[in-house]
Enquirer: 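Structure below; questions to follow.
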Number of protein chains: 2
Amino acid sequence: MKIDEILDQIYNIPESSKVALKENISEVAYPKNHILLKADKIEANIYFIKKGIVRAFAPQKEKDITFWFGEEGETILSMKSYVERKKGYENVELLEDCELYELKVAHLNNLYNQDIHIANWGRKLAEKELLKIESRVISTELLSAKERYDALMSNSPSLIQRVPLKYIASYLGITPVSLSRIRKEK
Amino acid sequence: MKIDEILDQIYNIPESSKVALKENISEVAYPKNHILLKADKIEANIYFIKKGIVRAFAPQKEKDITFWFGEEGETILSMKSYVERKKGYENVELLEDCELYELKVAHLNNLYNQDIHIANWGRKLAEKELLKIESRVISTELLSAKERYDALMSNSPSLIQRVPLKYIASYLGITPVSLSRIRKEK
DNA sequence: TAGCAAAATTATCTTATGATAAATAATAGC
DNA sequence: GCTATTATTTATCATAAGATAATTTTGCTA
């Protein structure tokens with residue numbers, strides 16, 4: 001996915017502002033299983049996914065909790081690092097070999113203070129993430145595990161092809177054993 | 001709670017920008033049980049809570065799902081209306097007589113396009129809401145119902161005094177009967 | 001491509017929460 | 001303040017999901 005397309009789908013800004021933004025973006029690639037962001041670190045960069053799929057998980061003693069999957073076009077960031085420059089909850093792990101666009105938060109913050117279009121682009125970035133997570137919270141409280149699985153499959157059918165079921169189970173808030181039962185009952 | 005304090009805790013902006021923002025803010029008051037925002041409407045305003053407590057709920061055929069409580073200083077908005085000018089999921093109901101600061105989204109959007117400080121203030125508003133909801137998602141997946149109740153009580157002890165238990169049960173994703181059991185076991 | 005490790009499934013048993021109903025307590029309106 | 005309504009608690013039974021363990025399948029990698 002092209003960087004222009006990714007930036008535009010967040011919010012349209014004048015060409016000159018987009019150029020300023022892109023001057024601070026570089027391309028990087030990492031292999032499957034690479035840990036891109038770490039929970040015990042203040043992360044300096046955010047990423048946009050050019051190609052590949054990733055998961056964010058909160059590491060715990062016994063079990064990691066997968067709480068997000070990112071596919072092509074989506075933004076990867078440690079919310080706490082990005083917003084408060086504090087250590088976040090999440091590790092982000094690549095589930096496939098990935099190509100990413102990398103953007104330094106420090107540079108982005110400079111742009112936010114210099115360019116009103118980029119400031120509004122950053123506002124939209126946060127607002128759109130907020131909408132996604134809000135609909136997730138509501139569906140979590142509203143639906144049974146089976147219904148959440150069905151909804152995930154119809155909204156993101158490619159996930160089942162690309163992501164180990166144990167991570168999908170964690171995302172749904174159930175055990176892999178329980179997910180296996182649900183899938184069998186279909 | 002004073003409007004200056006509420007605006008400042010989101011993001012500090014120059015006095016002139018704050019004046020511009022406040023020129024568009026008026027005070028309103030509504031009684032307990034008033035429905036401030038409706039799920040089937042595109043809402044034109046956002047609110048800040050001067051005094052009182054409210055809940056946001058997604059209305060359903062049989063059961064309403066309470067997914068947020070707002071207390072003094074917090075921002076009330078229909079995310080979908082605010083971000084996309086579309087109908088949202090949520091009703092917002094006042095659980096006490098409330099005093100509110102009202103801000104028209106149309107005016108706010110004008111300011112976002114005119115004043116870079118206000119644009120960045122709006123960015124921080126969304127980012128801070130994002131942090132709150134993210135920590136909620138993680139704790140929902142991580143904790144048992146009893147642990148979520150304990151966490152809610154230690155983070156927001158006033159809730160139990162001010163909010164009927166049936167709404168707290170809904171927020172925790174359990175039935176009032178189940179919450180009653182949990183409380184008894186203490 | 002053989003062999004090993006990890007993932008997924010299946011089975012059994014346990015447990016937390018749901019559903020329902022009835023009793024008690026709290027609240028609001030007259 | 002009294003009464004009707006609503007909220008909360010308690011009890012019983014049903015069920016979805018957890019824990020554990022064994023088995024099968026898949027997928028690496030040497």
Side-chain angles (χ1 to χ4, degrees), chain A residues 30-35 52-53 55 57 59-67 69 93-97 139-153 158-186, chain B residues 30-35 52-55 57 59-67 69 93-98 139-153 158-186:
Chain A
Y30 293 103
K32 180 171 175 172
N33 297 325
H34 177 73
I35 302 292
I53 190 165
R55 72 176 181 118
F57 65 99
Q60 298 298 316
K61 299 148 220 147
E62 285 302 305
K63 49 171 183 178
D64 296 341
I65 310 292
T66 295
F67 63 91
F69 297 109
E93 176 189 11
L94 310 190
L95 299 176
E96 298 174 351
D97 296 345
S139 82
T140 297
E141 299 213 352
L142 208 59
L143 306 178
S144 67
K146 174 164 175 35
E147 290 169 321
R148 293 203 298 281
Y149 174 74
D150 292 342
L152 185 67
M153 287 309 97
S158 67
L159 276 187
I160 193 106
Q161 312 297 336
R162 301 172 78 183
V163 176
L165 288 173
K166 61 177 181 170
Y167 299 143
I168 291 176
S170 175
Y171 178 84
L172 295 172
I174 58 180
T175 60
V177 173
S178 191
L179 177 57
S180 189
R181 261 193 300 237
I182 286 168
R183 283 159 56 81
K184 188 185 176 184
E185 282 160 18
K186 299 227 71 172
Chain B
Y30 294 102
K32 181 171 176 173
N33 297 324
H34 176 73
I35 302 291
I53 191 166
V54 309
R55 72 176 182 120
F57 64 100
Q60 297 298 315
K61 299 147 218 146
E62 284 302 303
K63 48 171 182 177
D64 296 341
I65 310 291
T66 295
F67 62 91
F69 297 108
E93 176 190 12
L94 309 190
L95 299 177
E96 297 173 352
D97 296 346
C98 283
S139 82
T140 298
E141 299 212 353
L142 208 60
L143 306 177
S144 67
K146 174 165 176 32
E147 290 169 321
R148 293 203 299 279
Y149 174 75
D150 292 342
L152 186 66
M153 287 308 97
S158 66
L159 275 187
I160 191 106
Q161 313 297 336
R162 301 173 77 180
V163 176
L165 289 173
K166 61 176 181 170
Y167 298 143
I168 291 176
S170 174
Y171 177 84
L172 295 173
I174 57 179
T175 59
V177 173
S178 190
L179 177 57
S180 189
R181 263 194 298 237
I182 285 169
R183 283 160 55 82
K184 190 185 177 186
E185 282 160 18
K186 300 228 67 172

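Just so it is clear, the model here is predicted, and its values are computed rather than measured. Letters go in sequence order (proteins before strands), and every chain restarts at 1.
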Enquirer: So which heavy atom on B:K146 is nearest to which on B:I182, and how close?
Expert: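 Heavy-atom minimum between the residues: N-CD1, 3.9 Å.
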Enquirer: What closest approach, in Å, do B:S170 and B:T66 show between heavy atoms, and which atom pair accounts for it?
Expert: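 The answer is OG-N, 2.7 Å.
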Enquirer: Please answer whether the main-chain N or O of B:E93 pairs with a side-chain N or O of B:R55 as donor and acceptor at a distance below 3.5 Å.
Expert: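 Looks like no, no N/O pair under 3.5 Å.
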Enquirer: Without decimals, in angstroms, what is the distance between B:E147 CD and C:dT17 P?
Expert: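 Checked: the CD to P distance equals 10 Å.
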Enquirer: Taking the side chain as every heavy atom from C-beta outward, state whether B:F57 and B:Y167 have any atom pair closer than 4.5 Å.
Expert: no
Enquirer: Assign A:S178 to base, sugar-phosphate, or nothing according to its heavy-atom contacts below 4.0 angstrom with the strands shown.
Expert: sugar-phosphate
Enquirer: Give A:T175 one of three labels, base, sugar-phosphate or nothing, depending on what nucleic acid heavy atoms sit under 4.0 Å from its own.
Expert: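 Sugar-phosphate: the residue A:T175, judged by heavy atoms under 4.0 Å, touches backbone atoms but no base.
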Enquirer: Counting C-beta onward and ignoring hydrogens, is there a side-chain heavy-atom pair between B:V54 and B:L94 closer than 4.5 Å?
Expert: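 Side chain of B:V54 against side chain of B:L94, heavy atoms only: contact under 4.5 Å found.
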Enquirer: At under 4.0 Å, does any side-chain N or O of A:R181 touch on OP1 or OP2 of C:dT9?
Expert: no
Enquirer: If I take atom NZ in residue A:K184 and atom C1' in nucleotide C:dT12, what distance separates them, rounded to the nearest angstrom?
Expert: 13 Å
Enquirer: For the residue pair B:L179 and B:L165, what are the closest heavy atoms and their distance?
Expert: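 Of all heavy-atom pairs spanning B:L179 and B:L165, the closest is CD2-O, 3.5 Å.
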Enquirer: Search all heavy atoms of B:G52 against all heavy atoms of B:C98 and return the closest pair with its distance.
Expert: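 That would be CA-SG, 3.7 Å.
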Enquirer: A:S144 or A:V177: which one's nearest nucleotide on DNA chain D is closer to the 5' end?
Expert: A:S144
Enquirer: Would you kindly say whether B:R183 and B:Y149 are connected by a side-chain donor-acceptor distance under 3.5 Å?
Expert: yes
Enquirer: Give every pair of a protein N or O atom and an N or O atom of nucleotides 22-28 of chain C that lie under 3.5 Å apart, one pair per line with the distance.
Expert:
from: C:dA28; atom 1: OP1; to: B:K32; atom 2: NZ; distance (Å): 3.2

Enquirer: Heavy atoms only: give me the nearest A:L159-A:I168 pair and the separation to one decimal.
Expert: O-CD1, 4.2 Å
Enquirer: Can you check the A:R183 CZ to C:dT10 C1' distance for me, whole Å?
Expert: 14 Å
Enquirer: Contact boundaries of DNA chain D with chain A (under 4.0 Å, heavy atoms), 5' to 3'?
Expert: D:dA17 to D:dC28
Enquirer: Counting C-beta onward and ignoring hydrogens, is there a side-chain heavy-atom pair between B:Q60 and B:I65 closer than 4.5 Å?
Expert: yes
Enquirer: So if I take residues 161-170 of chain B and measure heavy-atom distances to DNA chain D, which residues fall below 4.0 Å?
Expert: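 Listed by number, they are B:P164, B:L165, B:K166.
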Enquirer: Search all heavy atoms of B:Y171 against all heavy atoms of B:F67 and return the closest pair with its distance.
Expert: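 That would be CE1-O, 3.5 Å.
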